[in-house]
Amino acid sequence: MTETTTSPDRPTLLLIDGHSMAFRAFFALPVEKFSTTTGQHTNAVYGFTSMLINLLKQERPTHIAVAFDLDKPTFRDSQYDAYKAGRNATPNEFKGQVELITRVLTAMNIRTVTAAGFEADDVIATLATQGEDANFDVLVVTGDRDAFQLVDDAVTVLYPRKGVTDLPRMDAAAVEEKYFVPPNRYPDLAALVGETADNLPGVPGVGPKTAAKWITQYDGLDGVLAHAPEIKGKVGDSLRAHLDDVRRNRQLNRLVTDVELPVGLDHLGISAPDREAVDELFDALEIRTLQPRLFELFGEQEEPPAADEIVAPDPTTPSTAAELTAWFAAAPGQVALVPLVDGGDCTTLVLVAEPAGADAAGAAEAEPAADGGDTGQAAEAVAARVDLTALDADAEAVLAGWLGDRDAPKVVHDLKTVYKLLRGGRGLVLDGAVDDPSLSGYLLQPDRRSYELADLAQHHLRISIAGTDAAGTQTELDLTGDQEQTRVATAARNGVVLLRLSRYLTDELAARGSADLMTRLELPLAKILGDMELAGIAADTAHLTGLTDDFGAAIDAAQREAFAVIGKEINLGSPKQLQAVIFDELELPRTKKIKTGYTTDADAITDLIARTDGHPFLVALLAYRDASKLRQTVEGLVKSVADDGRIHTTYVQNIAATGRLSSMNPNLQNIPIRTDEGRRIREVFVVGDGYRTLLTADYSQIEMRIMAHLSGDEALIEAFRNGEDLHRFVGSHVFGVAPADVTPAMRSKVKAMSYGLAYGLSSFGLSKQLAIGVDEARTLMGDYFSRFGAVRDYLRGIVETARKDGYTSTIEGRRRYLPDLSSDNRQLREMAERAALNAPIQGSAADIIKKAMLGVDRAITAAGLSSRMLLQVHDELVLEVAAGEEEALTALVQEQMAGAADLTVPLEVQVGLGRSWHEAAH
DNA sequence: TACGTAACGTA
DNA sequence: CGTACGTTACGTAA
């Protein structure tokens with residue numbers, strides 16, 4: 001399929017006119033179909049990159065460069081004032097995309113070349129000439145016809161016919177066929193015919209045919225000009241009237257072939273893309289579909305992975321109590337622990353120990369393997385493979401002792417998973433973890449998408465350990481049993497990488513002063529989360545099915561109602577069909593525009609209902625939506641009830657950039673509570689066998705309290721100290737009335753604003769949310785800030801500091817980096833500003849409840865209780881209470897949660913007991 | 001089948 | 001034109 005007309009034994013130089021092709025790409029692809037969630041248009045970037053990948057694949061160039069114009073005037077502008085005048089302004093959607101393209105090129109290790117005073121064409125002409133002199137085949141990709149003058153035996157122009165995918169080869173024959181003159185005479189012809197794109201008028205009445213005829217007849221443009229007086233007819237007159245234009249055109253369309261350039265051919269050799277940079281950029285641009293195409297292309301010539309440098313020790317196989325004891329005694333310093341998993345069961349542990357190097361602590365001086373023989377070389381890594389299925393009781397006791405030894409330092413990737421694997425599957429308790437790169441990597445860069453070992457190793461150590469898989473997926477855990485040797489070897493190799501990575505990350509964290517956050521918060525929390533996940537929460541399945549039926553009936557009723565109104569049946573779950581009905585058939589007013597037309601979201605529909613005086617279709621639609629959302633939630637829960645009759649969520653500790661946890665499979669952090677119907681779902685979560693009741697404990701208004709603490713606003717602090725109803729208190733200040741006279745309307749306005757502030761709410765946003773005028777919203781905010789001035793100062797200060805430092809910090813020193821605070825793109829910048837406002841508040845709240853969880857766990861153990869924590873929902877904990885422990889646990893949880901932070905305002909905790917989550921709520 | 005989009009639940 | 005998440009159904013896709 002890869003047809004190549006260039007000679008295989010000659011090097012090929014690919015030269016691209018960047019701006020020209022980007023512009024073509026821009027018009028070839030629909031701009032509205034290519035944009036990021038932040039509104040950055042990417043159609044030109046996508047089209048250009050796609051074209052580039054195709055070219056790389058089809059032409060297999062050995063050298064490549066992309067030339068760009070500079071904004072500065074060129075010599076052509078000084079020769080002709082109106083050069084390129086009259087062009088339409090570049091569309092706004094195009095602006096900025098060229099910059100993105102240069103970033104793509106940089107990530108792909110492709111040189112971009114510019115030259116002051118010259119156009120991209122001149123740069124290309126110069127490089128083409130150099131390439132030709134050096135015996136290259138040269139391919140020029142441009143939408144500018146002037147490049148045809150470069151064509152000869154060695155140089156071919158790929159000139160886009162339509163879009164950027166159809167690039168016919170314009171060799172000498174093709175140029176001649178199209179323009180009736182050889183390539184070197186194309187500029188003569190263009191001078192006569194003119195070039196509208198450059199605002200170069202030619203001779204009126206003279207097209208390519210006439211021009212070619214003259215050029216051939218008089219042997220070039222000079223000949224034509226010399227014989228101008230004798231050319232007959234109207235065209236002759238026309239020519240004579242425009243001789244100056246023709247001379248000027250010819251002067252301007254001559255490409256310069258000796259521009260001084262900062263690069264030569266030897267800088268243009270092709271090399272593999274910077275995989276990490278490409279991933280990062282393509283992810284940011286949300287054009288992920290191009291990555292596989294690109295990496296597939298370079299997969300075969302990918303440099304041998306640096307993993308080869310990593311000498312993975314050949315694992316020994318200690319299996320008796322004595323052998324294990326000896327191995328653990330001899331293992332120097334930290335031990336990396338890598339599990340091998342078969343069908344969800346951990347069958348083998350691969351352990352790797354490596355001396356920490358010259359600066360290593362005493363542990364590294366430990367003697368070499370006791371029974372290994374060779375001594376002297378202290379820097380040898382050692383590995384062991386422990387088959388968990390083949391240990392006798394004594395050996396297992398030794399292993400269990402080491403695993404549970406909190407003073408035997410271990411490095412584990414994805415600690416929570418490994419902890420659960422060992423504890424849940426084999427009853428082995430893991431303790432003594434000193435690092436988990438998936439967590440330390442997260443604290444260093446909380447915005448990263450992946451903390452896979454391979455990604456972290458690549459990013460921080462520049463070590464490639466990804467398999468051959470183009471997607472870069474980790475495959476170690478999925479390998480089938482017959483590749484046991486490979487699995488073990490890979491695991492040992494990963495163990496070595498793990499130790500090095502951990503050393504690096506730990507140092508980085510320490511240098512930044514975040515070591516405690518890791519070792520005293522996240523790491524111990526991982527174990528607690530593991531226990532909570534293993535415990536799960538009991539589900540009342542009978543109630544679950546009852547709810548399914550109830551919500552199902554509600555869905556049917558709403559659906560029937562909706563169909564009756566419009567007189568036909570559609571899929572109410574399809575936004576597309578809804579749009580057709582609402583806007584086209586019912587001809588109701590249009591709502592906010594979205595990518596696929598007009599939104600049919602609940603806000604918009606509610607608004608429409610008000611404006612249509614309660615259109616019955618819309619009312620039925622909302623009822624349908626409510627009911628089907630609820631049934632959907634219930635069905636999800638039904639599916640996730642495990643064999644033990646409990647629902648086990650998975651908490652993710654390194655997803656939320658603010659430091660919060662997230663919950664998935666199922667998500668138990670978004671169980672409905674706001675409506676009565678929805679709240680019934682919480683009746684499903686009940687106390688399990690062997691326990692007496694559930695306990696819920698939640699912080700009241702923790703984010704506002706943090707805001708009061710961080711801002712030091714005296715008025716706000718006073719409100720909390722007095723223990724008043726916060727929103728009533730704030731309302732009385734803002735509206736200047738007594739607290740008792742604050743109406744519910746006033747209270748809810750103030751409440752919306754208080755919370756909105758922590759999210760960077762604008763007066764526009766507030767007006768929309770409260771359905772009041774922008775002026776009123778502005779006044780409201782003004783009044784608010786005049787009473788709580790320190791809050792305003794604090795919020796301003798956050799953004800300023802974050803812009804200066806590049807990151808925000810929580811009360812525990814958790815950082816979030818926000819490079820977009822200094823972006824030129826307003827939308828990106830303002831988004832980052834809102835994130836900066838929110839991160840310290842949301843993140844500090846996350847710190848506090850995490851600390852509280854450690855405290856509760858510790859206190860339960862200390863008090864010898866058998867109650868246990870089950871769920872965390874950002875500001876709430878759910879516990880399962882053993883008989884007789886209600887009182888003690890209530891006090892303990894109160895104390896630990898309230899004492900988790902020392903703020904200038906009290907932390908108030910509300911506790912409730914009940915047999916279900918619903919009943920326990922207060 | 002895989003993916004992005006729209007919608008919507010929580011704090 | 002308010003932050004942080006996860007899940008689902010729909011509809012189209014290279």
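Residue numbers start from 1 in every chain, and the chains themselves are labelled A, B, ... in the order their sequence lines are given, proteins ahead of strands. Because the structure is a prediction, the values reported are computed rather than measured.
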- Which atoms form the tightest heavy-atom contact between A:Y442 and A:A656, and what is the distance? OH-O, 2.5 Å

- Under 3.5 Å: donor-acceptor pair, side chain of A:E569, backbone of A:F563: no

- Establish, from distance only, whether the side-chain atoms of A:N54 and A:Q58 form a donor-acceptor pair under 3.5 Å. no

- Are A:T600 and A:R625 close enough that a side-chain donor and a side-chain acceptor fall under 3.5 Å? yes

- Would you mind classifying the nucleic acid contact of A:T600 as base, sugar-phosphate or nothing, using non-hydrogen atoms under 4.0 angstrom? sugar-phosphate

- Message: Categorize A:G756 for me: base, sugar-phosphate, or nothing, with a 4.0 angstrom heavy-atom threshold over every strand shown.
- Response: base

- Expected list for residues 652-668 of chain A near DNA chain C, using heavy atoms below 4.0 Å, is A:I655, A:A656, A:A657, A:T658, A:R660, A:S662, A:S663, A:M664, A:N665, A:N667

- Determine yes or no for a side-chain-to-main-chain donor-acceptor pair under 3.5 angstrom, with A:R803 supplying the side chain and A:L821 the backbone. yes

- Message: Please evaluate residues A:R796 and A:E800 with respect to the criterion salt bridge (Lys or Arg N to Asp or Glu O under 4.0 Å), reporting the C-alpha separation (whole Å), side-chain torsions for both, the decisive distance (0.1 Å), and the verdict.
- Response: CA-CA 6 Å; A:R796 282 207 185 129; A:E800 263 176 50; over 6 Å; no

- Query: Does the side chain of A:D414 pick up a donor-acceptor pair with the side chain of A:T417 at under 3.5 Å?
  - Reply: yes

- Query: Regarding A:R814 and A:T658, is there a side-chain donor-to-acceptor distance under 3.5 Å anywhere?
  - Reply: no

- Query: Could you state the CD1-C1' distance from A:I841 to C:dT3, rounded to the nearest angstrom?
  - Reply: 10 Å

- Checking all strands, does A:R631 fall into the base, sugar-phosphate, or nothing category for heavy-atom contacts under 4.0 angstrom? nothing

- Query: Does OP1 or OP2 of C:dT3 have a side-chain N or O of A:R834 closer than 4.0 Å?
  - Reply: yes

- Shoot me the first and last contacting nucleotide of DNA chain B against chain A, ordered 5' to 3', at under 4.0 angstrom to non-hydrogen atoms. B:dG4 to B:dA11

- So what does A:Q577 hit on the nucleic acid, given a heavy-atom distance under 4.0 Å: a base, only sugar-phosphate, or nothing? sugar-phosphate

- Rounded to whole Å, the CZ-P distance (A:R829 to C:dG2) equals 16 Å

- Query: Rounding to a whole Å, what distance do you find between A:Y624:OH and C:dT8:C1'?
  - Reply: 12 Å

- Checking only heavy atoms, does the side chain of A:Q842 share a donor-acceptor pair with the base of C:dT3 at less than 3.5 Å? yes

- d(CE, A:M831; C1', C:dT3) in whole Å: 11 Å

- Task: Considering only NZ, NE, NH1 and NH2 on the basic side and carboxylate oxygens on the acidic side, decide whether A:E812 and A:K851 come within less than 4.0 Å.
- Result: yes

- Query: Does a salt bridge link A:R449 with A:D279, judged by any charged N lying under 4.0 Å from a carboxylate O?
  - Reply: no

- Task: Would you mind classifying the nucleic acid contact of A:R625 as base, sugar-phosphate or nothing, using non-hydrogen atoms under 4.0 angstrom?
- Result: sugar-phosphate

- Message: Using ring centroids (six-membered ring only for Trp), state whether A:Y755 and A:Y759 fall under 6.0 Å.
- Response: no

- Query: Would you say A:K576 reaches C:dT12's phosphate, i.e. side-chain N/O to OP1/OP2 under 4.0 Å?
  - Reply: yes

- Message: Applying a 4.0 Å non-hydrogen cut-off, can you work out what A:K629 is touching in the nucleic acid: base, sugar-phosphate, or nothing?
- Response: base

- Message: Let me confirm one number: the CG-NE2 distance from A:L608 to A:H615, rounded to the nearest 0.5 Å.
- Response: 9.5 Å

- Secondary-structure string, 5' to 3', Watson-Crick or G-U under 3.5 Å, | for another-strand partners, for DNA chain C: ..|||||||||||.

- Task: Specify the separation, in whole Å, of atom OH of A:Y759 and atom P of C:dT3.
- Result: 10 Å

- Atom-to-atom span, CG of A:L578 to P of C:dA9 - whole angstrom: 16 Å

- Message: Output the rounded distance in Å from CG (A:D875) to P (C:dA4).
- Response: 18 Å

- Task: Would you mind classifying the nucleic acid contact of A:A602 as base, sugar-phosphate or nothing, using non-hydrogen atoms under 4.0 angstrom?
- Result: sugar-phosphate

- Calculate the interatomic distance between A:L630 atom CG and C:dT7 atom C1'; express it in whole Å. 14 Å

- Message: Donor-acceptor pair, distance only, cut-off 3.5 Å: does the side chain of A:D725 make one with the backbone of A:H727?
- Response: yes

